[in-house]
There are 2 protein chains.
Amino acid sequence: MSLKYAVLAALLEGEASGYELSKVFDVSLANFWASTPQQLYRELERLAQDGLIEARVVRQERRPDKRMFTLTEAGRRDLDAFAATPPRRPTAIRDELLIKIQAMDGVDPDATRALVEERGAWSRGKLARYRRVRERLLAGRTEAEYLRETDRVGPYLTLMGGIGFEEENLRWCERVLTVLRQRAPLG
Amino acid sequence: MSLKYAVLAALLEGEASGYELSKVFDVSLANFWASTPQQLYRELERLAQDGLIEARVVRQERRPDKRMFTLTEAGRRDLDAFAATPPRRPTAIRDELLIKIQAMDGVDPDATRALVEERGAWSRGKLARYRRVRERLLAGRTEAEYLRETDRVGPYLTLMGGIGFEEENLRWCERVLTVLRQRAPLG
DNA sequence: CCGCCTTAGTCGCATTGTTGAGTAGGTGCG
DNA sequence: CGCACCTACTCAACAATGCGACTAAGGCGG
């Protein structure tokens, strides 16, 4: 149900093809609503049928044709209504690693250490990408200047959410690694 | 697929009924793997059929009978194997509020403010419960003492993950509220 | 010039997850 | 003494998600 609105929100940035959206979902939206390309294409189909987005086929010479999608007025109204009402359900996190940590005490500490280090590396990567996006948005301005001058603060605030989340992740990884080191000192 | 291991991990704490597990999932496991009672009962059924857990019917006089579940040796081995291998997919967050924030710029700021305040209140509640659980675990000891004396650090580390996550949530809420105040000053 | 990568998707089934209701006795509250 | 809530589940139906492969063309490196 919410994938629908995630897609509509992504189209606030302007016209995009399904393929482009699947890239956007990978890097920025994936932060708070992950999905596979297949899900996206399906959702776009539905949204177009419901008149919330409009499709326009772009013929290409040396590439497969693509369909570019834009928000319709109806879509924008639907999205605005969604954005103004309280979430039906709280945040859901699905984190396999945490299950593995919960059950770590029956397992070789070195194996666990490897998992946590992998997660840490991944978080550092995400963080670096988020920060580059932030630099691009700020374009040399301070945050205060940016916030005064831009007309859309939403994407900036969700980006900062992603940055905070990954920073917290890294702190947690460090903590876990410290505990692991104390448990099995100087393996 | 992972709900299975979340359940097995929960049973590391000892024998439990489906009903008890559904409570546990509400308060502690919900932190990183949410599920409804219905899902749990289905999963327990499957796990019992696969021989990973064992059921024992407890007749009760003034209550409906209940089935208590324990991990079998096979279940423990399966869980240990799971816990030692890298997660197939990265963390997935599903947060409707962030979609609403992403799309907030078409919406009355007071409506958005209300959503964020609600989230903040909810996070504070979760945090309070997490901290009570932590106090109970520590039982007056310092963290270092606790970690030296306990045989299972996994549950403590996931708990600290939950605490860090909610703290980060609160910081983010504050940040969003500050921006909202600056945008619509002294409404 | 062979094989792999990228663009731009599509198909279909299998697994998961969600919704809503039903059962059935016991407990506590005013 | 009536009503709501708690324990302890079960069932059916449906919606959402995931998995894996498939098409089809051009580009690029060795």
Side-chain angles (χ1 to χ4, degrees), chain A residues 1-8 10 15-27 29-30 32-50 53 55-69 87-96 99, chain B residues 1-8 10 15-27 29-30 32-50 53 55-69 87-96 99:
Chain A
M1 188 85 287
S2 292
L3 177 58
K4 166 180 169 183
Y5 295 104
V7 171
L8 294 179
E15 200 182 38
S17 71
Y19 193 76
E20 283 163 359
L21 283 175
S22 77
K23 298 297 161 197
V24 170
F25 266 75
D26 252 22
V27 293
L29 270 287
F32 51 87
W33 206 278
S35 89
T36 59
Q38 293 81 349
Q39 273 182 77
L40 275 181
Y41 286 118
R42 237 178 326 191
E43 199 61 45
L44 286 167
E45 213 55 57
R46 219 174 317 180
L47 290 171
Q49 265 170 19
D50 294 352
I53 62 177
R56 174 172 79 87
V57 176
V58 176
R59 306 232 169 272
Q60 293 184 119
E61 291 287 291
R62 333 193 144 239
R63 285 300 153 94
D65 293 352
K66 60 181 172 181
R67 283 189 305 160
M68 299 292 287
F69 298 93
R88 311 163 286 86
R89 38 184 162 201
T91 326
I93 317 180
R94 294 275 149 118
D95 195 339
E96 263 190 33
I99 301 179
Chain B
M1 188 85 285
S2 292
L3 176 58
K4 166 180 170 183
Y5 294 104
V7 170
L8 294 178
E15 199 181 38
S17 69
Y19 191 76
E20 283 163 359
L21 284 175
S22 76
K23 298 298 161 196
V24 171
F25 266 76
D26 251 22
V27 294
L29 270 287
F32 50 88
W33 207 279
S35 90
T36 59
Q38 291 81 350
Q39 273 182 73
L40 275 181
Y41 286 118
R42 234 187 324 195
E43 199 61 46
L44 286 167
E45 211 57 54
R46 219 174 318 180
L47 290 171
Q49 265 170 20
D50 295 351
I53 62 178
R56 173 173 79 86
V57 175
V58 177
R59 305 234 169 270
Q60 293 184 117
E61 291 286 292
R62 333 192 143 240
R63 286 298 154 95
D65 293 352
K66 60 182 172 180
R67 284 190 304 161
M68 299 292 286
F69 298 94
R88 310 165 286 87
R89 39 184 162 196
T91 327
I93 316 179
R94 295 273 148 122
D95 195 339
E96 263 190 32
I99 302 179

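Atom set for the values below is all heavy atoms of this structure, side chains included, hydrogens, waters and symmetry mates excluded. Every chain is numbered from 1 and lettered A, B, ... according to where its sequence line falls, protein lines coming before strand lines.
Look at CE on A/Met68: it is 12 Å from C1' on C/dA8, rounded to the nearest Å. The CG atom of B/Leu40 sits 16 Å away from the P atom of D/dC11 (whole-angstrom rounding). We find that CD of A/Glu43 is positioned 12 Å from P of D/dG18, with the value rounded to whole Å. One can place NZ of A/Lys4 at 10 Å from P of D/dA16, the figure rounded to the nearest angstrom. For A/Asp65 and D/dA25, the CG to C1' distance is 11 Å, given to the nearest whole Å.
Taking side-chain N and O atoms only, B/Ser22 has no distance below 4.0 Å to OP1 or OP2 of D/dA8. Put simply, B/Gln60 has a side-chain N or O that comes within less than 4.0 Å of OP1 or OP2 on D/dA8. Using a 4.0 Å cut-off, some side-chain N or O of A/Ser17 falls inside it from OP1 or OP2 of C/dG9. For the OP1/OP2 pair of C/dG17 and a distance below 4.0 Å, the side-chain nitrogens and oxygens of A/Arg94 include at least one atom meeting the criterion. For D/dC9, neither phosphate oxygen OP1 nor OP2 lies less than 4.0 angstrom from any side-chain nitrogen or oxygen of B/Tyr19.
Taking 4.5 Å as the limit, some side-chain heavy atom of B/Val7 sits within range of a side-chain heavy atom of B/Phe25. No side-chain heavy atom of B/Thr91 sits under 4.5 Å from any side-chain heavy atom of A/Arg94. Residues B/Lys66 and B/Gln60 form a side-chain contact, since some pair of their non-hydrogen atoms from C-beta on lies under 4.5 Å apart. A heavy-atom distance below 4.5 Å is not found between the side chains of A/Val58 and A/Arg67. Residues B/Trp33 and A/Asp95 form no side-chain contact, since every pair of their non-hydrogen atoms from C-beta on lies 4.5 Å or further apart. A 4.5 Å side-chain heavy-atom check between A/Glu20 and A/Lys23 finds every atom pair outside the cut-off.
The minimum heavy-atom distance linking A/Leu44 with A/Ile53 is given by the pair O-CD1, 3.5 Å.
The bend of the helix from C/dC1-D/dG30 to C/dG30-D/dC1, defined by the angle between the axes of its first five and last five pairs, stands at 40° to the nearest 10°.
When the nearest nucleotides of DNA chain D are assigned to B/Glu20 and A/Trp33 by heavy-atom distance, the more 5′-ward of the two goes with B/Glu20. Both A/Ala34 and B/Lys23 sit near DNA chain D, but only B/Lys23 has its closest nucleotide nearer the 5' end. Residue order along DNA chain C, read from the 5' end via each residue's closest nucleotide, puts A/Phe69 first among B/Ser2 and A/Phe69.
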- When you check every protein heavy atom under 4.0 Å of nucleotides 10-15 of chain C, what one-letter string (B, S, -) results, 5' to 3'? BB----
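A salt bridge is absent between A/Glu45 and A/Arg42: the closest approach of a Lys/Arg side-chain nitrogen to an acidic carboxylate oxygen does not fall below 4.0 angstrom.
As judged by a 4.0 angstrom heavy-atom cut-off over every strand, A/Gln39 is placed among residues touching the sugar-phosphate backbone only.
Residues meeting the side-chain hydrogen bond (donor to acceptor under 3.5 Å, both in side chains) test with B/Asp65, sequence neighbours left out: B/Arg59.
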